[in-house]
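Okay, structure first, notes after.
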Amino acid sequence: MGAESNLADFHEQGSLIHRLCVLLVCLVWPLIWVGGLVTTYDAGMAVPDWPGTYGYNLFLYPYKTWLLGPFDLFIEHGHRLLGAVVGLVAICLVASAYFRERRRWVVVLTWGLLLAVISQGLLGGMRVVWSDRTLAMVHGCFGPAFFALCVAAAVVTGRRWNGYWARLGERPLSPGCVALVVAIPVLSYTQLVLGAQLRHVQPNAAPGGFAMIVATHVIVAFFLWFITMLAWLRIRRCGDLTLSRPAGLLIGLVGIQIALGVGTWVVNYGWPTILDWFPGSTGFLVRAKGFSDSIIVTSHVATGSLILAVSSMLLVRVLRSQHCLKSNVDRDVAEPTEYEYRNNTEQQVLEPATV
Amino acid sequence: MRNAVLIAVCFILGCDARIETFLPNRVFSLSLEKTRGASAERATEDARRVVQELYGTPDDPSWPLPDNNLADLQNLVRSSGPVSSEKDGTHLGLFREHCVVCHALEGSGLGAASVFQNPYPRDFRHGVFKWKSTERGKKPTRHDIRQILVNGIPGTAMPSFALVDPEDVDALVDYVIFLSTRGEVERRVIAAAIDELDYGETSPEDGWELDSRNEGEGGEVVHEVLERVHADWAETQDHEVPVPSFSDLTGKALAASIARGKEVFHGKVANCAGCHGPSGDGSLPTLDYDDWTKEYTTRIGLTPDDDEALKPFREAGALKPRRIMPRKLQGGVFHGGGDAASLFRRITQGIAGTPMPAVEVVSEPNGKGLTVEEIWDLVRYVQHLSTSR
Ligand code: HEM
């Protein structure tokens, strides 16, 4: 009886924290978009009127008149405003976790999130003050990591954490499969770091180093795509939609990301020789600071973060389900652990046996 | 407090290094060593010092001959240095914002992203430009460079900067002239040091060292070079190629002109088909390189695909030689403009820095050149080709 009411308590307590985490996730992705736009586009926006150029970019012109006034303001202040809102939500999260979360490590995690927002804000500020490329790069790499952390926080505070995954009756995924799932966020993050190096290249960088980074970025991209396919093939039959769906989604996202990556190269540097068979490539004109171009580049940046986030979510879920399944198996064969395995009609939960 | 944090962060992460100096033109020195059979090391080092005294550094440019108005120092300052912007939205560090990934700080065309491009980004230091309105051997006009920046070069990586503030573009034109002049002076000073000041032997005698002040033998040599390069740029207006009047034809007259142009194209005098292929289909195999590449390959007796021989040059920064292809003119794209005047100039001057030769303009057909009318026929034919597949 006592344990049962505890359980109800637990879920109610958990849900506010969880909702705040989800809110964070929903705010941070747009923040990454806007941040990417600021970097890609800011320079072009610095002088909002460009007389005499209307003739050159006919099909872009209506976009510009349409978006210029509000859009300029939107990204100019939007990034900072949104950042501040994220900071506030993080504070609320820390507060609610402090009062209502029992798991100490989750409380620590929320503190970590708050700390991360603050340092990210500082980094961003200093980046502007110093206009330093190294800092810009760090700021750029840190954003997606923060995003992934928010997603992880949302997963661990979710209802399924102590419910759904504990109930799964299947056998655990093979260690090889888990390794694949670990590899995806690791490789995605590698991609982000490599990409940031391309984006914030130093003015005196040598062509050799840049070419190496580009080659690695492209090779790892295809390797990552391959890994996502392998992972999906092995997860798809595990009977758990919360795992197989994100695994399938990742294949699509990485495919899109590769296309966007090629697009990003083309709008920055024209068609590379290896792709000059592409129709229209011989007459292609690169347009510096074009609007649609900046959207392609920013989508590439934002999708990169999304891949990292989705793969981190998958990883945390897989680790959790593995953990629960293992404990179930252990409990069947070995001594009952300190956890009591409770059977509830709705869900099975791992609960401390003693209160 | 804030500064303390900044410094701490920078200390941990390592910040952008200040860029103290332009890199010396080592590929050119190596080529010189090869042709002169002498060491160019000392000359390169002294030239670097002298040129730095004259033109400053990537963060702090100066203009050695203030009385000529080729480049405005204010514009140079705005174009150089790290990227930043002021409160009123003025951009600083324009060259690093827009150009450096391809053209590199020195304007050497060895920027970070240059490797994958075809053609490679221009090396401004030769002072040779392809798409211009002046005679083949002359510098482009300011207007030419401005047009290139605004229109871009379709079919290459060179972007159009039409969306960049026109004042910024103007400043960048000055900066292109700055880098080009600076680079060419450097090249010529190194060569002169070896050829005229005995730098190649052991070391120059007293008073014969390169000097940025107009003093002594070394100083005179430097200033001769300086005056000459600046004069080349200053007088370029006088070398614009005049374009005779062109009449827009239609219907039968146009068709007849195109047919005549086709004859000329395939004829002995112009022999455009010899490079561009029959009907400009770009089908002929060619093995040729542009002048920028030839300087460290064929002109000094090296085979461009001899990796072993080229190794020192590649280590000094030279890009892998890339063949230049005569343009496929069918459905082709004009890099330097497809209007009649541009094509007239292209045909009568050729394309500087490339194998595309000039055709002599003659007043009577004489088997050596083409008359203006024949050239117009050819222009109409080429324009016609570009719209066909
Ligand atoms: C899984 C695949 C990929 C991921 C996760 C990824 C991720 C990223 C990210 C996050 C950035 C921006 C970093 C920042 O702004 O801080 C970036 C930049 C870039 N990526 Fe990718 N990328 C992928 C594949 C590709 C591919 C296949 C290409 C093809 C050439 C490519 C080309 C580029 C380029 C050119 C940039 C620099 C953008 C700029 O200069 O503004 N990427 N990448």
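Just so it is clear: chains get the letters A, B, ... in the order the sequence lines come, proteins before strands, and each one is counted from 1.
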- Query: Are B/P24 and B/E186 close enough that some pair of their side-chain heavy atoms sits under 4.5 Å apart?
  - Reply: yes
- Query: Most heavy-atom pairs under 4.5 angstrom with chain B, which of A/A211, A/P272, A/G270?
  - Reply: A/A211
- Query: Is the distance between the ring centroids of B/F116 and A/W265 under 6.0 Å?
  - Reply: yes
- Item | Side chain, backbone, both or neither of B/L23 within contact of chain A (heavy atoms, under 4.5 Å) | neither
- Engaged part of A/V267 at the chain B interface, taking heavy atoms whose separation is under 4.5 Å: neither
- Item | Which atoms of A/A205 approach chain B - backbone, side chain, both or neither, heavy atom under 4.5 Å | both
- Query: Does anything in residues 105-114 of chain B get under 4.5 Å of chain A by heavy atoms, and if so which residues?
  - Reply: B/L105, B/L110, B/G111, B/A112, B/A113, B/S114
- Do A/F210 and A/I213 come close enough that some side-chain heavy atom pair is under 4.5 Å? no
- Item | chain B contact via A/F284 - side chain, backbone, both or neither, heavy atoms under 4.5 Å | backbone
- B/R48 to B/F22 six-membered ring, cation-pi geometry met (6.0 Å, 45°): no
- Item | A/F278: ring-ring contact (aromatic ring centres under 6.0 Å, His included) partners, not counting sequence neighbours | A/W271
- Side chains of A/R199 and A/V301: closer than 4.5 Å at any heavy-atom pair? yes
- Using the six-membered ring wherever Trp is involved, compare the ring planes of B/F95 and B/Y175 and label them parallel, tilted or perpendicular (cut-offs 30° and 60°). tilted
- Task: Would you indicate whether the side-chain heavy atoms of A/Q257 and A/Q191 approach each other to under 4.5 Å?
- Result: no
